S.K.: 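One structure coming up, written as structure tokens, with questions to follow.
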2 protein chains.
Amino acid sequence: MAADSLTPTGRVVLGMLALGSNTGYDIKQMVDKATRHFWAVSYGQLYPELRRLEQHGLIRGRPEPTGGRSRKVYELTDAGTRALRAWLGANEEPLYEVRDEGLLKLFFSEAQPEVRIEILRAIHERMERKLAQLEALGTPTKSGPGMTLSLGIAITKAYLKWCDEAARHLVKE
Amino acid sequence: MAADSLTPTGRVVLGMLALGSNTGYDIKQMVDKATRHFWAVSYGQLYPELRRLEQHGLIRGRPEPTGGRSRKVYELTDAGTRALRAWLGANEEPLYEVRDEGLLKLFFSEAQPEVRIEILRAIHERMERKLAQLEALGTPTKSGPGMTLSLGIAITKAYLKWCDEAARHLVKE
DNA sequence: AGGTGCATGTAACAGGTTACATGATTAA
DNA sequence: TTAATCATGTAACCTGTTACATGCACCT
């Protein structure tokens, strides 16, 4: 399996294993703790992907039950390490996608000022919640894992600031 | 078809028709011009959805060819208008999703400083390009369609600022 | 005559979510 | 004993992209 046929979730798996995750559950925990605000993964995608990657020889798994509880520990193979490096080193334009239903509503609600204010309030609330979640995750730093966190926080704050301005403007009208 | 079984793309269609779009092509143009930075739609989704919405009675289309060129003009039905309003007025938590491959790479490249700088550069470039695109779209305003644009620009700038700080920090190391 | 824009559409594929199903271990 | 956490997995469904196919109209 070449690096370019690595699925998005496959990349996350390789990356997390490289950073020290062991099991599928473990990877999911890491994702939820560290990357979920810019890259989410669900179990329904994760477990099939683990099997797929193993079939393709990028990872290797061995059963390591905890008592009677089934548990499978994975590690990168050499091919897997190469595939990960190849992806990290490839300088294609990285994917960047946003889907923001709140903005979409705002965009379509032009003719209804009452609804508009309500929508803006909902967006604001959502972002407040997001900010709280991010801040609960740990300390933003200038390097290491806290680095991406600091971006998330910066962006959320910029978003909130925009909300405030927009709300002020709407009320004035 | 109840408002809650409206698909994401279906919502966009209703919204765009309400704002004055006529044909599928037209809707796609509007999306690309106005919402694509927070909500994209492809033809492959759009045309089947138009048919689906018509079948469910939310929109009504009539052929209106331009000379020999086939063309179908759609408009909202009453049910469609209601469905749109229902969605706009529903105060469920609006969906907000980001997928940022650049950040993901950055997150996984912790052990490789050389690659890291390169990745950060790629992210920066991407955001510069995005900013240029957004600025080419029109004038950001405090209300109307330019409102969402101003948010896009604000967020992209916050992102770029973070990039600069991160780069400065990486170089220092 | 040729390129750009208007206009519609489909088939194959990719990627992902949700809900469900199951069961052991551990801390309160 | 019971709730939370560890742990794995599947099936049905949904949503979306990409690549392809087609053809007219208008401007130069």
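These numbers come from a predicted model, not from an experiment. Residue numbers begin at 1 in each chain, while the letters A, B, ... track the order of the sequences.
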S.K.: In terms of the nearest nucleotide of DNA chain D, which residue is placed more toward the 5' end: B/Gly68 or A/Arg51?
M.R.: A/Arg51

S.K.: At 4.0 Å (heavy atoms only), tell me whether B/Pro8 reaches a base, stays on the sugar-phosphate, or touches nothing.
M.R.: sugar-phosphate

S.K.: Are A/Glu118 and A/Arg121 within salt-bridge range, i.e. N to O under 4.0 Å?
M.R.: yes

S.K.: Does A/Thr23 have a side-chain nitrogen or oxygen under 4.0 Å from the phosphate oxygens OP1 or OP2 of D/dT8?
M.R.: yes

S.K.: Looking only at side chains, do B/Asp100 and B/Tyr159 share a donor and an acceptor under 3.5 Å apart?
M.R.: yes

S.K.: Round to the nearest Å and state the distance from A/Glu49 atom CD to C/dT17 atom P.
M.R.: 12 Å

S.K.: Given C/dG16, C/dT8, C/dG23, which nucleotide is nearest the side-chain atoms of B/Tyr47?
M.R.: C/dT8

S.K.: Rounded to the Å, how far apart are A/Met30 CE and D/dA7 P?
M.R.: 14 Å

S.K.: To the nearest angstrom, how far is A/Lys28 atom NZ from C/dG16 atom C1'?
M.R.: 12 Å

S.K.: Do the side-chain N or O atoms of A/Tyr25 get closer than 4.0 angstrom to the phosphate oxygens (OP1, OP2) of D/dT8?
M.R.: no

S.K.: Of the options B/Leu46, B/Leu84, B/Thr7, B/Leu76, which is the one that meets B/Val13 in a side-chain contact (heavy atoms from CB on, under 4.5 Å)?
M.R.: B/Leu46

S.K.: Is it the case that over 12 heavy atoms from other parts of the model lie below 6.0 angstrom from the CZ atom of A/Arg71?
M.R.: yes

S.K.: In this structure, how many angstroms lie between the C1' atom of D/dG16 and the CZ atom of B/Arg36, rounded?
M.R.: 18 Å

S.K.: How close or far is atom C1' of D/dC24 from atom NZ of B/Lys72, stated in whole angstroms?
M.R.: 19 Å

S.K.: Select from B/Arg99 and B/Arg69 the residue whose nearest nucleotide in DNA chain C is closer to the 5' end of that strand.
M.R.: B/Arg69

S.K.: Atom CD of B/Gln29 and atom C1' of C/dT4: how far apart are they, to the nearest Å?
M.R.: 12 Å

S.K.: Round to the nearest Å and state the distance from B/Arg52 atom CZ to C/dG9 atom C1'.
M.R.: 17 Å

S.K.: Would you kindly give the NZ-to-C1' distance between A/Lys33 and D/dT5, to the nearest whole Å?
M.R.: 16 Å

S.K.: Among the candidates C/dT8, D/dT17, C/dT17, find the nucleotide nearest to the side-chain atoms of A/Ser42.
M.R.: C/dT17

S.K.: Closest approach to the side chain of B/Pro48, judged atom by atom: which nucleotide of C/dT10, D/dT18, C/dT8 is it?
M.R.: C/dT10

S.K.: For A/Gly44 and for A/Thr66, find the nucleotide of DNA chain C with the closest heavy atom, then tell me which residue's nucleotide is more 5'.
M.R.: A/Gly44

S.K.: Choosing from C/dG16, C/dT10, D/dC6, which nucleotide comes nearest the side chain of A/Thr9?
M.R.: C/dG16

S.K.: Which of these nucleotides, D/dT8, D/dT17, C/dT8, is closest to any side-chain atom of B/Gln45?
M.R.: D/dT17

S.K.: Given the ring of A/Tyr96, does B/Lys130 sit roughly above its face, with NZ or CZ under 6.0 Å from the centre of the six-membered ring and within 45° of the axis?
M.R.: no

S.K.: Answer yes or no: does a side-chain N or O of B/Tyr43 lie under 4.0 Å from OP1 or OP2 of C/dG9?
M.R.: no

